[in-house]
Amino acid sequence: MSREQLVVQRARRSFQTGKSKPLESRIHQLKSLLCFISERQKEIADAVKRDLGKSERGTELFETLGLEGEIKLAIEKLAEWAAPRPVERNLLTISDEVYIQPEPLGVVLIIGAWNYPWALTLLPLVGAIAAGNAAVVKPSELSEFSSLLLRALLPRYLDKDLYPVVTGGVSETQELLKLRFDHVFYTGSGTVGKVVMEAAARHLTPVTLELGGKSPCYIDKDCDIRVACRRITWGKFVNCGQTCIAPDFILCEPCIQGRVVDRIRQTLLEFYGADPKCSPDYGRIINQRHFNRIMGLMEGYTPVVGGQSDASQRYIAPTVLKDVPPHSRMMQEEIFGPLLPIVAVSDMDDAIRFINEREKPLALYIFCSDKKATKRMIEETSSGGVVVNDVMMHYTLTSLPFGGVGQSGMGRYHGKHSFDQLSHQRACLVRSLGMESVNLARYPPQDRRRAKRVRMALKSPMIDMSKRTFIWAVVATIIGFALFITLLIILLIASGLNCTCWYWRGFYN
Amino acid sequence: MSREQLVVQRARRSFQTGKSKPLESRIHQLKSLLCFISERQKEIADAVKRDLGKSERGTELFETLGLEGEIKLAIEKLAEWAAPRPVEKNLLTILDEVYVRPEPLGVVLIIGAWNYPWAVTLQPLVGAIAAGNAAVIKPSEVSSHSAKVMEELLPQYLDKDLYPVVTGGVSETQELLKQRFDHIFYTGNCTVGKLVMEAAARHLTPVTLELGGKSPCYIDKNCDISVACRRITWGKFVNCGQTCIAPDFILCEPCIQSQVVEEIQKCIKEFYTDNPETFEDYGRIINQRHFKRLMALMEGSTVALGGGNDESQCYIAPTVLKDVTGESKVMKEEIFGPLLPIITVSGTDEAIQFINEREKPLVIYIFSNDNKLIKRVIAETSSGALLANDCLVHYSVSALPFGGVGNSGMGCYHGRHSFDQLSHLRSCLIKQLKMEAVNSMRYPPHTAKKLSWARFLLLKQVNVCTLQRMALLATFTGLAAFVAQKYLRSR
């Protein structure tokens, strides 16, 4: 038996003992995970610095802060999320208990990515733990320092049978994918996403695929270009462009192209100084292969900003290119690097057409002050998410489901959505063995009279018997009653009723 | 270009014109679908009679009634379902518009099944239309008469470019599966389910698989056995056992086994008369292949009652089998026929163990008066759904998500769940280009001070509703204090 088989078998046996199910143990594991992140902040930041050249503050801001928030949210809300959820009933089930019970799925496989090696590997783990599952965590081998650190330290905080860490490359991942899981959560590229889903299909395992794509960024000529460019520059060059929701390319009219380039140049100066290579906040490309790939995309084009590189450090300066033709290599694949092409379009309609000709992206960014035009653009396109007048911030709001559509992925997570995605929502209907006479209409022999009765019973409107509606109904009745009484009193006073025991007598004096 | 390729291409072009998106046109199509079912009731019932031997009333009760209900619900609730859904904000987004916007996916492929050829093929279609998609409908060729009627008549009611019907067998289905869709909705068995998902993986197409399994039915010895058996008998022999959520087998203690058999015998007599073969409300097996399969399953088990059969009519009498163990032939696959094996277990513990040793079923049935026992079974097992003290009826509660888990399927539908399953729920965050100063905390150069601001604004859990309520309360208190002090001053 291979190492991977043993690990998965042990995780499954642990799950079957039931120890991951009680709410207290889930909260305990989540609290331990929180300790891990706060106590090992320094080691984590070191690992990320060696993998991606990110500064310690950058790691805290973009990796661990969000993770902390999610863990705290899960701990706070777990009881609410895991509780049975009553649903609307019909006349037939009016005296029954009808609810949805969230349940653990079993053993989840989490395959992480290298660009945010902690956030993208551990955020799904938060959902898996919260939902009561066991999880096999497979961090990306490309971010090797982070994955080695995860393997060394995580077992000291979490149950090592329930949440084992398996490191390795392509062959170890393929070995894992042969095994049977109850859900596979993959973050990465579309090509590997297809392989993951095909492997999962052999076991009828549901999947969540957080993939990528070319996220377009449309700048309307009448908006505040200075602010727009600041926000875009920030979003693009964070982590050296290696973010799945980074604005991949800009679409704007030729008349503002020059201003856009100028503003970006100014902003870059403000953020990273005259030489971004010396800025502690500017990162590096993950490895030589990606460095070469990104440099290859620029071939044949002269950038208007940046363009410098240093292969020994895997450094590529923040680079902007204008008048990029739609058929260029840069526009055929997700850039995932610090190159920002500007493609000229004649107007918003042209931009919409451009976007719709291509695969649905993970995110769409629209910079426009005209509400109507923005609404139209949202309606006429499709993408995983859309942010107007900013970039990437939808990631930070846990109430928004984060995920793709079409080639950019399937499924979603963050906050309660992680919990729901990694749970089974089991429909429960608890009836009683009494009132059998009500059922007579459905039994054969079927005749006209019975058929009519069943028709009536099934057609009844759904009745919402939830506690919230009940409380609302009671409060509304009391308020209505009180208002009625008040109206009566006002009418009595108005009609001149003079009562000696009247409290407001002072008024008449 | 093959016929299937042309059909899918035409559906996609139609979708891209945008004509399936406006709410009015979705409602119009749904109303037409409703007309179809009410006007063509007779043709539908005829087709089902020839496919499955079901009576006209049986078809109405089990196929079209539920469908009508779903269509009416979709028409009534569409505006509500399709509206943007606001979500909770945090301090950072307190002035922004934040909502989830349901959108159509594109072209959906619906592969129907033969056991309820109308309900199981058209119910997903209701969800697809409601969500604003185009849909290619592939009814099962095994229920050939229904497939033919659907192919002929549906285009007379629905837009034939947006919602084409493609009939055919294995090769036509394989050809369809090579094409690219935005969602595939498949109802059927696990083996084909795996093939469907593999084909979908090549295009990164999400799938909903409504599969099957062996749905266990545990009868507690302390419950009202006669009522329990009535409900089980009804649930089992509807459509001659060819229901994905039919109670597949019974688990009970040996002391009540004979009572159970007796009660079931009484019910069969009451429902289907002494001679079910001639009774119109008792159906037939779909075809010879399944007939032979079912007859072979009976091998090795003792027939406690029934067992009669007629190959020429594909008729198998309602049959109960005893002396069945976990290893018997009849326990190796989903029965999907009118054979009801009874397996004896020593108690609830053994029943739970028996269930957990096997694949997660589509539904678990438990008959008991003891609420604690029911809660225990819920906590210690897993299944698509759980129904206590009755059979099949959870199907008719449209607020409950209907679907499987593990080998019994993935995804769910019915009511609003159909709409959500076949929509893309797109996150939307609408900000302003003002208040740029607030953003400085996220821009480099990163400092400790900026970081602490970010920490505060991102991590502080803020319930906007509570804030609003408190503001309102403060205003009222202020007003009341003002009025009170005015009055006191005047005194």
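Within every chain, numbering begins at 1; the chains are lettered A, B, ... in the order of the sequence lines, protein sequences first and strands thereafter.
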Task: Distance-only side-chain donor-acceptor flag, A:Arg57 / B:Thr447, under 3.5 Å - done: no
Task: B:Arg230 side-chain N/O to A:Tyr443 backbone N/O, donor-acceptor pair under 3.5 Å - done: no
TODO: For the pair A:Glu97 and B:Lys375, find out whether any cationic side-chain nitrogen is under 4.0 Å from an anionic carboxylate oxygen.
DONE: yes
Task: Whether B:His394 side chain and A:Cys428 backbone form a donor-acceptor pair below 3.5 Å - done: no
Task: Steps toward side chain to side chain contact (heavy atoms under 4.5 Å, CB included) verdict (B:Val98, A:Leu400) - done: CA-CA 8 Å; B:Val98 192; A:Leu400 279 177; 3.7 Å; yes
Task: Separation of B:Asp224 CG from A:Leu433 CG (nearest 0.5 Å) - done: 6.0 Å
Open item on the list: Between B:Asp390 and A:Leu429, is the side chain to side chain contact (heavy atoms under 4.5 Å, CB included) condition met? List the steps.
Closed with: CA-CA 9 Å; B:Asp390 209 338; A:Leu429 172 53; over 6 Å; no
Open item on the list: I'd like to know if the side chain of B:His424 and the backbone of A:Gly384 have a donor-acceptor N/O pair within less than 3.5 Å.
Closed with: yes
Open item on the list: Taking every non-hydrogen pair under 4.5 Å, which of A:Phe271, A:Tyr272, A:Tyr99, A:Phe367 racks up the most with chain B?
Closed with: A:Phe271
TODO: Using a strict cut-off of less than 4.0 Å between a Lys/Arg side-chain nitrogen and an Asp/Glu carboxylate oxygen, indicate whether A:Glu359 and B:Arg180 qualify as a salt bridge.
DONE: yes
Task: By side-chain contact (heavy atoms from CB on, under 4.5 Å) - contacts of B:Pro22 (at least two apart) - done: B:Glu24, B:Ser25
Task: Under-4.0 Å salt bridge between B:Lys360 and A:Glu103 - done: no
Open item on the list: For B:His203, is there any backbone N or O sitting under 3.5 Å from a side-chain donor or acceptor partner on A:Gln407?
Closed with: yes
Open item on the list: Does any backbone or side-chain atom of A:Ile378 lie under 4.5 Å from a heavy atom of chain B? Answer side chain, backbone, both or neither.
Closed with: both
Task: Pair A:Arg426, B:Ser382: side-chain N/O donor-acceptor within cut-off below 3.5 Å - done: no
Open item on the list: Determine whether a donor-acceptor pair (N or O, by modelled atom type, separation under 3.5 Å) exists between the side chain of B:Asn389 and the backbone of A:Arg431.
Closed with: yes
Task: Partner chain B: residue of A:Leu209, A:Val405, A:Asp224, A:Val195 with the largest heavy-atom pair count (under 4.5 Å) - done: A:Val405
Task: Which atom of B:Pro401 lies closest to which atom of A:Ala427, heavy atoms considered - done: O-CB, 3.5 Å
Open item on the list: Shorter than 4.5 Å, heavy atoms on both sides: which option in A:Tyr282, A:Phe62, A:Trp234 has the most such pairs with chain B?
Closed with: A:Trp234
- [ ] Decide yes or no on side chain to side chain contact (heavy atoms under 4.5 Å, CB included) for A:Val238 and B:Arg442, but give the supporting numbers first.
- [x] CA-CA 10 Å; A:Val238 151; B:Arg442 73 192 198 200; over 6 Å; no
TODO: Start with the C-alpha distance between A:Arg231 and B:Tyr443, add both sets of side-chain angles, then the distance that settles side chain to side chain contact (heavy atoms under 4.5 Å, CB included), and finish with yes or no.
DONE: CA-CA 9 Å; A:Arg231 298 179 180 185; B:Tyr443 296 147; 3.4 Å; yes
Open item on the list: Heavy-atom pairs under 4.5 Å with chain B: which of A:Ser383, A:Ala228, A:Ser382 has the most?
Closed with: A:Ser383
Task: Main-chain N/O of A:Gly385 paired with B:Ser427 side-chain donor or acceptor, under 3.5 Å - done: no
Task: Region of A:His394 in contact with chain B, defined by heavy-atom distances below 4.5 Å - done: both
